[in-house]
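Numbers for residues simply follow the sequence, beginning at 1. Hydrogens, waters and symmetry mates play no part in the numbers below; they use all other heavy atoms, side chains included.
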Amino acid sequence: MPLAALALTAGVSCGTGKNAEEGVKGRPNILLILADDLGYSDLGCYGGEVHTPNLDRLAQNGLRFSRFYNAGRSCPTRASLLTGLYPHQAGIGRMTFDDHLPGYRGTMTHNGVTIAEALKQNGYQTGMIGKWHVAETPLRTDQREWLAHQVQHEEFAPKENYPTHRGFDNFYGTIYGVVDYFDPFSLVNGEEPVKDVPTGYYSTIALSDSAVSYIGRYAKSEKPFFMYLAYHSPHWPLHALEEDIKKYEDVYKVGWKTIREARFERMKKLGIFGNQTDFLSNRQSAKEWESNPDREWDAHAMAVHAAMIDRMDQGIGKVLQELERTGELDNTLILFMSDNGCSPEVCQDYSPGENDRPDMMRDGTPIVYPRKKEAMPGPETTFASLGPEWANVANTPFRFWKAKMYEGGICSPMIAHWPAGIKAVRGSVTDEPCHIVDVMATSLELAKSNYPATYKGNKILPMQGESMVPVFKNGKRKGHTYIGFEHFNEKA
């Protein structure tokens, strides 16, 4: 897998091109980009201080959503996104373990179809890159050694539940959820395990490079393409390249309150919530930065989080350049969103050596889970996370976070960019409530494809989403009568 040059990607123009007229008459490419545990206000175009020029440019030339909802956690959101069903209908109401209850089977049902399956049978090329996390991942007796790449098995989950069996022509990414960014567990190319990675490997770069390669290949065909690019970033562990961390090493030393207030002031200027003049919730913690004995560690942790987002944006810049180079940018609908809000998890929540959480590297070097903040985040030897104070800041102006059915958990930033098809005022913000289930309906309408009643002998559940195409046209639609949420008995 080629590695990208470790330099900030140059921007791309987002104007009209050779495919603009064709895009209105024909069928667009669809590029779905999903971030993992990204905070609502982390991006520059949503008020954040993180350097995200490529996503900001998409926002300036596209449409931002202030009320776009997910399912509150990684795998339920991904199952819902892919199928256009609510998570429980899709089979993953909780996590990727079979609870032997309807709605909690831990893998996507075959009584639903994926966007890739629906579009593939209507002439689309289909490819996926990144984090899958919608297949049951049963644990093994040698899980600890397997996580450290010291033993090998051919399947990370039953292969019939891999992306290549759910409508995707091509796949490069991971089957499990949590990864070591420098040496990911459950990495697969197609259906074959990738048993080792080159020196200097970093997940975000490899996924971006793979997306560039896929686009170059797909653009040679007359067929449109659907591509799902699911980054691991910025999900814990806090792993980033040193050169990216250095950009932010002093930024967060001012503390939680100062950063949160600055974010909200920028949000007001950007018009994210119209005439909103004060926070939508109070701070979730009474802790004060000045009396925090772990200020150095906490500031560095947030710097790593920012660096991870920065590198993701650089990779997206390379993807946009390739779309422009191939003449596909204007005729490609790009949707960028997050699977849930920023995570409040702390090291005390983890059980190293179990599930998808390694306790050592492949050479046996121990991995530190810094429960007492005894090791700085950033390198491969530590598996650290942000904690609730920074998660609350990342989700400004909301309360709570990932896995909670409050706005901080279920409301995502969402950017839609499609020069040939979006008629709403460029750079505008819509407050129209939309949900992750709407991506399927939107994709089918633009692809001029029908939602099947049966697929491969299985009766298919009715689609729950509604198309967002009217929102693209004028920022409004009739929309849902209601939308619902449930995860580990959190309900809304």
Side-chain angles (χ1 to χ4, degrees), residues 27-34 65 68-72 74-93 103 107-128 130 132-134 161 163 165-169 224-230 332-340 410 412 414-416 418 421 432-456 458-472 477-485:
R27 302 191 297 172
N29 307 310
I30 300 170
L31 170 57
L32 176 58
I33 306 177
L34 188 68
F65 290 66
F68 185 84
Y69 291 96
N70 56 66
S74 178
C75 31
T77 289
R78 291 161 201 271
S80 190
L81 168 64
L82 284 164
T83 62
L85 303 173
Y86 279 104
H88 305 75
Q89 295 174 306
I92 308 184
T107 196
M108 282 197 303
T109 179
H110 288 278
N111 294 116
V113 293
T114 68
I115 299 174
E117 287 170 329
L119 267 56
K120 184 176 180 177
Q121 67 179 5
N122 284 280
Y124 269 69
Q125 306 170 87
T126 58
M128 190 205 158
W132 183 234
H133 206 204
V134 285
N161 297 323
H165 289 267
R166 296 308 308 256
F168 290 99
D169 298 321
F225 65 80
F226 167 70
M227 192 165 77
Y228 173 35
L229 172 55
T332 299
L333 170 64
I334 301 172
L335 298 178
F336 174 89
M337 64 196 74
S338 180
D339 61 348
N340 44 250
I410 59 177
S412 304
M414 209 280 265
I415 303 167
W418 180 26
E432 196 65 31
C434 296
H435 189 276
I436 205 88
V437 293
D438 297 336
V439 176
M440 168 71 88
T442 305
S443 299
L444 291 176
E445 179 173 347
L446 296 178
K448 301 177 181 177
S449 300
N450 294 321
Y451 184 79
T454 61
Y455 185 79
K456 292 186 176 179
N458 296 305
K459 185 177 179 180
I460 302 303
L461 295 168
M463 179 172 58
Q464 297 298 303
E466 299 183 13
S467 176
M468 294 183 285
V469 172
V471 186
F472 298 162
R477 69 172 185 181
K478 183 178 179 181
H480 296 272
T481 304
Y482 60 85
I483 52 178
F485 308 84

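Between the side chain of Ser80 and the main chain of Pro76, no donor-acceptor pair closer than 3.5 Å is present. Looking at Asp169, its side chain never comes within 3.5 Å of a backbone N or O of Gly127 through a donor-acceptor pair. Panel note: side chain Thr77, backbone Asn70; no donor-acceptor pair is recorded below 3.5 Å. Put simply, the side chain of Thr114 gets close to the backbone of Arg166: a donor and an acceptor are under 3.5 Å apart. Proximity of a side-chain donor or acceptor of Asn111 to a complementary backbone N or O of Ile460 within less than 3.5 Å is not detected. Of the possible donor and acceptor atoms, one in the side chain of Gln464 sits under 3.5 Å from a partner among the backbone N and O of Pro462.
When every heavy atom of Ala447 is checked against every heavy atom of Leu119, the shortest pair comes out as CB-CG, 4.0 Å. Nearest heavy atoms, Ala441 versus Ser467: CB-N, 3.5 Å.
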Thr83 and Gln89: side chain to side chain contact (heavy atoms under 4.5 Å, CB included), yes or no, with the steps? CA-CA 9 Å; Thr83 62; Gln89 295 174 306; over 6 Å; no
Going through the distances and angles, do Leu335 and Trp418 end up as a side chain to side chain contact (heavy atoms under 4.5 Å, CB included)? CA-CA 9 Å; Leu335 298 178; Trp418 180 26; over 6 Å; no
Step by step, work out the side chain to side chain contact (heavy atoms under 4.5 Å, CB included) result for Tyr69 and His480. CA-CA 12 Å; Tyr69 291 96; His480 296 272; over 6 Å; no
Verdict with reasoning, Leu444 to Asn450, per side chain to side chain contact (heavy atoms under 4.5 Å, CB included): CA-CA 6 Å; Leu444 291 176; Asn450 294 321; over 6 Å; no
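The OG1 atom of Thr109 sits 7.5 Å away from the CG atom of Asn458 when rounded to the nearest 0.5 Å. Distance check, rounded to the nearest 0.5 Å: CG of Leu461 to CG of Leu85 gives 5.5 Å. How far OG of Ser443 is from OH of Tyr451: 12.5 Å, rounded to the nearest 0.5 Å. In this structure, Phe336 CZ and Ile33 CD1 are separated by 7.0 Å, a value rounded to the nearest 0.5 Å. One distance of note links CZ of Phe225 with OG1 of Thr332; it measures 4.5 Å at 0.5 Å rounding. In this structure, the separation between NE2 on His165 and CE on Met108 is 12.5 Å, given to the nearest 0.5 Å.
Applying the side-chain contact (heavy atoms from CB on, under 4.5 Å) test between Thr126 and each of Glu117, Lys120, Met227 identifies Lys120 as the sole match.
Residues Val437 and Glu466 have side chains not in contact (no heavy-atom distance under 4.5 Å, counting atoms from C-beta outward). In this structure, the side chains of Glu432 and Pro470 stay at 4.5 Å or more apart for every pair of heavy atoms. With a 4.5 Å cut-off on side-chain heavy atoms, Phe226 and Phe168 count as touching. Side-chain contact check for Leu81 versus Leu32: some heavy-atom pair is nearer than 4.5 Å. Tyr228 has its side chain out of reach of Ile115: every pair of non-hydrogen atoms, C-beta onward, lies at least 4.5 Å apart. The closest side-chain heavy-atom distance from Ile436 to Met414 is not below 4.5 Å. At least one side-chain heavy atom of Tyr124 sits less than 4.5 Å from a side-chain heavy atom of Arg27. Proximity of Pro87 to Ile92: side-chain heavy atoms (C-beta onward) are nowhere separated by under 4.5 Å.
Judged as a salt bridge (Lys or Arg N to Asp or Glu O under 4.0 Å), the pairs with a partner in residues 437-446 (not counting sequence neighbours) are, in order, Asp438-Arg477.
For Arg78, the salt bridge (Lys or Arg N to Asp or Glu O under 4.0 Å) partners at least two apart in sequence or on another chain are Asp36, Asp339.
Using a 30° and 60° split on the angle between ring planes, Phe485 and His435 fall in the tilted class, from 30° to 60°.
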